[in-house]
Amino acid sequence: MQNKKKTLIAIIVAIALIAGLVACYVAFAPKGEAGTKDITVQVVHADGTSKEWEISTNSENLRGALEEQDLIAGDDSGATLYVTTVDGYTADSANEEWWCFTKGGETMMTGVDDTVISDGDKYEITLTVGYDW
Amino acid sequence: MTGKKLTVREMAVLAMLGALMFALKAAMMALPNIHPIAVFIIAGTLYFGWRMLYSVAVYIMLEGLVYGFGIWWISYLYIWPLLVSVTMLFRNTRGRLFWAVVAAVFGLCFGAMCAIPYLIAGGWAAGFSYWLSGIPFDIAHCVGNFAVVFALLPTLIRAIGTAAGNTVKMA
(Lines give C-alpha, C1' and ligand atoms only; values in the text may rest on other atoms or scores of the structure.)
Protein backbone atom coordinates (compact mmCIF):
# COMPACT_ATOMS: atom_id res chain seq x y z
CA MET A 1 0.00 0.00 0.00
CA GLN A 2 2.90 2.30 0.84
CA ASN A 3 4.37 1.60 -2.61
CA LYS A 4 1.04 2.38 -4.29
CA LYS A 5 0.73 5.66 -2.40
CA LYS A 6 4.25 6.72 -3.39
CA THR A 7 3.58 5.75 -7.00
CA LEU A 8 0.37 7.76 -7.07
CA ILE A 9 2.11 10.83 -5.64
CA ALA A 10 4.90 10.46 -8.21
CA ILE A 11 2.36 10.23 -11.04
CA ILE A 12 0.57 13.37 -9.81
CA VAL A 13 3.89 15.25 -9.62
CA ALA A 14 4.79 14.10 -13.14
CA ILE A 15 1.46 15.20 -14.58
CA ALA A 16 1.70 18.58 -12.84
CA LEU A 17 5.23 19.08 -14.15
CA ILE A 18 4.26 18.17 -17.70
CA ALA A 19 1.32 20.58 -17.58
CA GLY A 20 3.56 23.32 -16.18
CA LEU A 21 6.26 22.80 -18.79
CA VAL A 22 3.78 22.80 -21.66
CA ALA A 23 2.12 25.96 -20.31
CA CYS A 24 5.48 27.75 -20.01
CA TYR A 25 6.48 26.73 -23.50
CA VAL A 26 3.20 27.85 -25.04
CA ALA A 27 3.29 31.12 -23.14
CA PHE A 28 6.92 32.14 -23.53
CA ALA A 29 8.48 30.37 -26.52
CA PRO A 30 9.13 32.78 -29.40
CA LYS A 31 6.56 32.36 -32.13
CA GLY A 32 7.49 32.29 -35.79
CA GLU A 33 6.33 35.22 -37.87
CA ALA A 34 4.39 34.54 -41.00
CA GLY A 35 5.21 36.43 -44.15
CA THR A 36 8.42 37.91 -45.47
CA LYS A 37 11.14 38.97 -43.05
CA ASP A 38 14.24 41.01 -43.93
CA ILE A 39 17.29 40.01 -41.90
CA THR A 40 20.98 40.83 -42.10
CA VAL A 41 23.66 38.17 -41.78
CA GLN A 42 27.33 39.06 -41.36
CA VAL A 43 29.99 36.38 -41.77
CA VAL A 44 33.42 37.04 -40.27
CA HIS A 45 36.23 34.81 -41.50
CA ALA A 46 39.49 33.90 -39.76
CA ASP A 47 41.47 36.63 -41.54
CA GLY A 48 39.10 39.25 -40.18
CA THR A 49 37.33 39.92 -43.47
CA SER A 50 33.59 40.07 -43.30
CA LYS A 51 30.75 39.84 -45.76
CA GLU A 52 27.16 40.86 -45.27
CA TRP A 53 23.97 39.46 -46.74
CA GLU A 54 20.58 41.13 -46.75
CA ILE A 55 18.12 38.24 -46.83
CA SER A 56 14.40 38.37 -47.53
CA THR A 57 12.80 35.13 -46.42
CA ASN A 58 9.51 33.49 -45.54
CA SER A 59 11.33 30.95 -43.38
CA GLU A 60 10.41 30.99 -39.70
CA ASN A 61 13.80 29.89 -38.45
CA LEU A 62 17.38 30.93 -39.08
CA ARG A 63 18.36 27.60 -40.60
CA GLY A 64 15.80 27.92 -43.40
CA ALA A 65 16.81 31.50 -44.15
CA LEU A 66 20.52 30.63 -44.37
CA GLU A 67 20.01 27.44 -46.36
CA GLU A 68 17.94 29.32 -48.94
CA GLN A 69 21.12 31.30 -49.67
CA ASP A 70 23.33 28.14 -49.52
CA LEU A 71 25.22 29.91 -46.78
CA ILE A 72 25.48 27.00 -44.33
CA ALA A 73 25.98 23.25 -44.25
CA GLY A 74 26.79 20.82 -41.50
CA ASP A 75 26.10 17.64 -39.57
CA ASP A 76 22.43 16.79 -39.62
CA SER A 77 22.70 13.44 -37.86
CA GLY A 78 21.50 14.74 -34.50
CA ALA A 79 18.26 16.40 -33.52
CA THR A 80 19.39 19.77 -34.91
CA LEU A 81 21.89 20.94 -37.50
CA TYR A 82 25.43 21.43 -36.26
CA VAL A 83 26.82 24.03 -38.67
CA THR A 84 30.34 23.28 -39.85
CA THR A 85 30.48 25.19 -43.15
CA VAL A 86 29.62 28.85 -43.64
CA ASP A 87 30.13 30.81 -46.85
CA GLY A 88 32.07 27.90 -48.33
CA TYR A 89 34.57 27.53 -45.47
CA THR A 90 34.45 24.41 -43.32
CA ALA A 91 35.70 24.87 -39.78
CA ASP A 92 38.65 22.61 -38.98
CA SER A 93 37.85 20.90 -35.69
CA ALA A 94 41.43 19.58 -35.45
CA ASN A 95 42.46 23.24 -35.03
CA GLU A 96 39.54 23.83 -32.65
CA GLU A 97 37.76 26.00 -35.21
CA TRP A 98 34.01 26.47 -34.95
CA TRP A 99 31.36 28.87 -36.19
CA CYS A 100 29.98 31.12 -33.45
CA PHE A 101 26.45 32.44 -33.99
CA THR A 102 25.38 35.68 -32.34
CA LYS A 103 22.32 37.89 -32.69
CA GLY A 104 22.90 41.60 -32.42
CA GLY A 105 26.26 40.79 -30.81
CA GLU A 106 24.64 38.67 -28.08
CA THR A 107 25.28 34.96 -27.61
CA MET A 108 22.42 32.85 -28.91
CA MET A 109 20.99 30.19 -26.64
CA THR A 110 19.44 28.19 -29.49
CA GLY A 111 20.76 26.51 -32.59
CA VAL A 112 19.83 27.50 -36.13
CA ASP A 113 16.83 25.15 -36.15
CA ASP A 114 15.30 26.64 -33.01
CA THR A 115 16.16 30.31 -33.62
CA VAL A 116 12.99 32.06 -34.67
CA ILE A 117 13.68 35.06 -36.90
CA SER A 118 11.92 38.40 -36.93
CA ASP A 119 11.93 41.27 -39.38
CA GLY A 120 14.99 43.45 -38.85
CA ASP A 121 17.11 40.89 -37.00
CA LYS A 122 20.87 41.00 -37.43
CA TYR A 123 22.99 37.85 -37.04
CA GLU A 124 26.73 37.45 -36.96
CA ILE A 125 28.53 34.22 -37.78
CA THR A 126 32.16 34.37 -36.70
CA LEU A 127 34.84 31.76 -37.23
CA THR A 128 36.22 31.17 -33.77
CA VAL A 129 39.32 29.28 -32.69
CA GLY A 130 39.57 27.48 -29.37
CA TYR A 131 37.03 25.74 -27.15
CA ASP A 132 36.39 27.38 -23.81
CA TRP A 133 33.83 27.22 -21.03
CA MET B 1 26.72 -4.50 2.14
CA THR B 2 27.24 -1.44 4.36
CA GLY B 3 30.91 -1.21 5.39
CA LYS B 4 31.81 -4.30 3.39
CA LYS B 5 34.71 -3.87 0.99
CA LEU B 6 34.02 -4.17 -2.69
CA THR B 7 35.13 -7.42 -4.23
CA VAL B 8 37.27 -7.26 -7.36
CA ARG B 9 34.30 -8.61 -9.28
CA GLU B 10 32.04 -5.83 -7.99
CA MET B 11 34.66 -3.21 -8.88
CA ALA B 12 34.84 -4.62 -12.41
CA VAL B 13 31.05 -4.51 -12.72
CA LEU B 14 30.91 -0.92 -11.47
CA ALA B 15 33.58 0.12 -13.98
CA MET B 16 31.78 -1.67 -16.80
CA LEU B 17 28.48 -0.03 -15.88
CA GLY B 18 30.13 3.37 -16.30
CA ALA B 19 31.59 2.35 -19.65
CA LEU B 20 28.30 0.83 -20.80
CA MET B 21 26.39 4.00 -19.97
CA PHE B 22 28.82 5.99 -22.10
CA ALA B 23 28.79 3.53 -25.01
CA LEU B 24 25.02 3.07 -25.10
CA LYS B 25 24.40 6.81 -24.92
CA ALA B 26 26.76 7.28 -27.86
CA ALA B 27 24.95 4.54 -29.76
CA MET B 28 21.63 6.29 -29.19
CA MET B 29 22.89 9.78 -29.98
CA ALA B 30 20.56 10.23 -32.94
CA LEU B 31 17.57 10.01 -30.56
CA PRO B 32 17.38 13.33 -28.70
CA ASN B 33 17.56 12.86 -24.93
CA ILE B 34 16.60 9.19 -25.21
CA HIS B 35 19.21 6.98 -23.61
CA PRO B 36 19.58 4.35 -20.92
CA ILE B 37 21.53 6.41 -18.35
CA ALA B 38 18.62 6.75 -15.92
CA VAL B 39 17.79 3.02 -15.94
CA PHE B 40 21.42 2.10 -15.38
CA ILE B 41 21.83 4.54 -12.52
CA ILE B 42 18.57 3.52 -10.85
CA ALA B 43 19.24 -0.21 -11.27
CA GLY B 44 22.84 0.11 -10.17
CA THR B 45 21.94 2.23 -7.16
CA LEU B 46 19.20 -0.17 -6.09
CA TYR B 47 21.79 -2.94 -6.14
CA PHE B 48 25.04 -1.22 -5.05
CA GLY B 49 23.73 1.74 -3.10
CA TRP B 50 26.02 4.79 -2.88
CA ARG B 51 28.80 2.80 -4.56
CA MET B 52 27.04 3.39 -7.85
CA LEU B 53 28.68 6.81 -7.67
CA TYR B 54 31.88 5.10 -8.85
CA SER B 55 30.12 4.15 -12.11
CA VAL B 56 28.69 7.65 -12.40
CA ALA B 57 32.18 9.09 -12.01
CA VAL B 58 33.50 6.82 -14.78
CA TYR B 59 30.64 7.88 -17.05
CA ILE B 60 31.10 11.61 -16.38
CA MET B 61 34.86 11.43 -16.96
CA LEU B 62 34.41 9.54 -20.24
CA GLU B 63 31.91 12.14 -21.43
CA GLY B 64 34.34 14.94 -20.64
CA LEU B 65 37.39 13.23 -22.11
CA VAL B 66 35.64 12.41 -25.40
CA TYR B 67 33.35 15.40 -25.92
CA GLY B 68 35.31 18.09 -24.10
CA PHE B 69 34.90 19.71 -20.70
CA GLY B 70 32.36 22.31 -21.73
CA ILE B 71 29.84 24.15 -19.62
CA TRP B 72 27.43 21.23 -20.04
CA TRP B 73 29.94 18.97 -18.29
CA ILE B 74 29.70 21.08 -15.15
CA SER B 75 26.00 20.23 -14.91
CA TYR B 76 26.77 16.52 -15.22
CA LEU B 77 28.82 16.76 -12.01
CA TYR B 78 25.66 17.31 -9.98
CA ILE B 79 22.81 15.97 -12.14
CA TRP B 80 23.78 12.30 -12.21
CA PRO B 81 24.86 12.08 -8.54
CA LEU B 82 21.50 13.71 -7.76
CA LEU B 83 19.72 10.79 -9.44
CA VAL B 84 21.76 8.41 -7.28
CA SER B 85 20.69 10.41 -4.22
CA VAL B 86 17.01 10.38 -5.20
CA THR B 87 17.20 6.64 -5.79
CA MET B 88 18.80 6.11 -2.39
CA LEU B 89 16.04 8.21 -0.79
CA PHE B 90 13.39 5.81 -2.08
CA ARG B 91 15.57 2.74 -2.11
CA ASN B 92 13.09 0.57 -0.24
CA THR B 93 10.27 1.27 -2.70
CA ARG B 94 9.44 -1.57 -5.02
CA GLY B 95 7.60 -1.56 -8.31
CA ARG B 96 8.80 -0.72 -11.79
CA LEU B 97 5.97 1.77 -12.30
CA PHE B 98 7.19 3.91 -9.40
CA TRP B 99 10.76 3.99 -10.71
CA ALA B 100 9.58 4.64 -14.26
CA VAL B 101 7.67 7.69 -13.01
CA VAL B 102 10.68 8.86 -10.97
CA ALA B 103 12.84 8.59 -14.09
CA ALA B 104 10.17 10.45 -16.08
CA VAL B 105 10.10 13.29 -13.55
CA PHE B 106 13.90 13.40 -13.62
CA GLY B 107 13.77 13.71 -17.40
CA LEU B 108 11.31 16.58 -17.13
CA CYS B 109 13.64 18.40 -14.73
CA PHE B 110 16.79 17.69 -16.75
CA GLY B 111 16.70 20.88 -18.79
CA ALA B 112 16.18 23.07 -15.74
CA MET B 113 19.11 21.38 -13.98
CA CYS B 114 21.33 21.86 -17.05
CA ALA B 115 20.37 25.54 -17.25
CA ILE B 116 21.96 26.36 -13.88
CA PRO B 117 25.52 26.99 -15.21
CA TYR B 118 24.06 29.16 -17.99
CA LEU B 119 22.06 31.05 -15.39
CA ILE B 120 25.21 31.69 -13.36
CA ALA B 121 27.35 32.55 -16.39
CA GLY B 122 24.85 34.53 -18.43
CA GLY B 123 22.16 35.74 -16.08
CA TRP B 124 18.41 35.06 -15.85
CA ALA B 125 17.68 35.74 -19.52
CA ALA B 126 20.33 33.29 -20.71
CA GLY B 127 19.31 30.59 -18.26
CA PHE B 128 15.60 31.01 -18.94
CA SER B 129 15.93 30.98 -22.74
CA TYR B 130 18.23 27.94 -22.56
CA TRP B 131 15.66 26.08 -20.44
CA LEU B 132 12.67 27.23 -22.49
CA SER B 133 14.16 26.14 -25.82
CA GLY B 134 14.87 22.71 -24.35
CA ILE B 135 11.34 21.95 -23.10
CA PRO B 136 10.39 19.76 -26.10
CA PHE B 137 13.55 17.75 -25.46
CA ASP B 138 12.70 17.49 -21.76
CA ILE B 139 9.34 15.99 -22.66
CA ALA B 140 11.07 13.53 -25.01
CA HIS B 141 13.46 12.75 -22.18
CA CYS B 142 10.51 12.13 -19.86
CA VAL B 143 8.81 9.71 -22.27
CA GLY B 144 12.07 7.96 -23.12
CA ASN B 145 13.06 7.52 -19.47
CA PHE B 146 9.63 6.18 -18.53
CA ALA B 147 9.61 3.63 -21.35
CA VAL B 148 13.18 2.44 -20.85
CA VAL B 149 12.94 2.13 -17.07
CA PHE B 150 9.54 0.42 -17.17
CA ALA B 151 10.77 -2.06 -19.76
CA LEU B 152 14.24 -2.81 -18.46
CA LEU B 153 14.59 -2.10 -14.74
CA PRO B 154 13.85 -5.53 -13.20
CA THR B 155 15.89 -7.33 -15.85
CA LEU B 156 18.80 -4.96 -15.47
CA ILE B 157 18.84 -5.31 -11.69
CA ARG B 158 18.97 -9.10 -12.06
CA ALA B 159 21.69 -8.84 -14.68
CA ILE B 160 23.79 -6.57 -12.47
CA GLY B 161 23.28 -8.94 -9.56
CA THR B 162 24.36 -11.93 -11.63
CA ALA B 163 27.39 -10.10 -12.98
CA ALA B 164 28.42 -8.98 -9.50
CA GLY B 165 28.03 -12.49 -8.06
CA ASN B 166 24.76 -11.77 -6.23
CA THR B 167 26.62 -10.44 -3.23
CA VAL B 168 23.71 -8.20 -2.22
CA LYS B 169 20.41 -9.62 -1.03
CA MET B 170 17.64 -7.62 -2.70
CA ALA B 171 14.41 -7.34 -0.72
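A note on names: the letters A, B, ... follow the listed sequences, proteins ahead of strands, and every chain is numbered from 1.
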- Message: Given heavy-atom pairs under 4.5 angstrom as the criterion, report whether the side chain, backbone, both or neither of B/W131 touches chain A.
- Response: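 Just the side chain, heavy atoms under 4.5 Å.
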
- Query: For B/F146, is it the side chain, the backbone, both, or neither that has a heavy atom closer than 4.5 Å to a heavy atom of chain A?
  - Reply: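 Nothing of B/F146, per the 4.5 Å heavy-atom cut-off to chain A.
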
- Task: With a 4.5 Å heavy-atom cut-off (strictly below), which parts of residues 9-17 of chain A touch chain B? List them by number.
- Result: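 Listed by number, the contacting residues are A/A10, A/I11, A/V13, A/A14, A/L17.
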
- Message: Side-chain heavy atoms under 4.5 Å apart, restricted to Ile/Leu/Val/Met/Phe/Trp/Tyr: what other residues fall into the cluster of A/V44, or is it alone?
- Response: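 A/V44 shares its hydrophobic cluster with no other residue.
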
- Message: Running the 4.5 Å side-chain criterion over Ile, Leu, Val, Met, Phe, Trp and Tyr, what cluster does B/I34 land in, apart from itself?
- Response: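 Listed partners: B/M28, B/L31.
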
- Query: Using non-hydrogen atoms and a limit below 4.5 Å, what part of residues 116-126 of chain B faces chain A?
  - Reply: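 Near chain A, by residue number: B/Y118, B/A126.
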
- Query: Most heavy-atom pairs under 4.5 angstrom with chain A, which of B/D138, B/N92, B/I135, B/I139?
  - Reply: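 Most heavy-atom pairs within the cutoff with chain A belong to B/I135.
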
- Under 4.5 Å, counting heavy-atom pairs only, tell me which of B/P136, B/G134, B/C142 racks up the most with chain A.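 Maximum pair count with chain A is reached by B/P136.
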
- Can you get from A/M108 to A/L71 by hopping between Ile, Leu, Val, Met, Phe, Trp and Tyr side chains that sit under 4.5 Å apart?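 Both belong to a single hydrophobic cluster.
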
- Cluster overlap B/V58 with B/L17, hydrophobic side-chain contacts below 4.5 Å: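 Yes; tracing contacts between hydrophobic side chains, which count when under 4.5 Å, links both residues.
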
- Task: Name the option with the most non-hydrogen atom pairs under 4.5 Å to chain B; the candidates are A/D114, A/I18, A/T110.
- Result: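 Looking at each of A/D114, A/I18, A/T110 in turn, A/I18 comes out on top.
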
- Message: B/F48 vs B/L53, test: side chain to side chain contact (heavy atoms under 4.5 Å, CB included). Steps then yes/no.
- Response: CA-CA 9 Å; B/F48 284 112; B/L53 285 171; over 6 Å; no

Do [X] and [Y] have ring centres separated by under 6.0 Å?
X: B/F40; Y: B/Y59; value: no
X: B/F110; Y: B/W80; value: yes
X: B/F98; Y: B/F90; value: yes

Before accepting this row, confirm whether a basic side-chain N of the pair [X]/[Y] lies closer than 4.0 Å to the acidic partner's carboxylate O.
X: A/D76; Y: A/R63; answer: yes
X: A/K103; Y: A/D121; answer: yes
X: B/K25; Y: B/E63; answer: yes

- Message: Between B/L77 and B/S75, is there a side-chain heavy-atom distance shorter than 4.5 Å?
- Response: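 A side-chain contact under 4.5 Å is absent here.
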
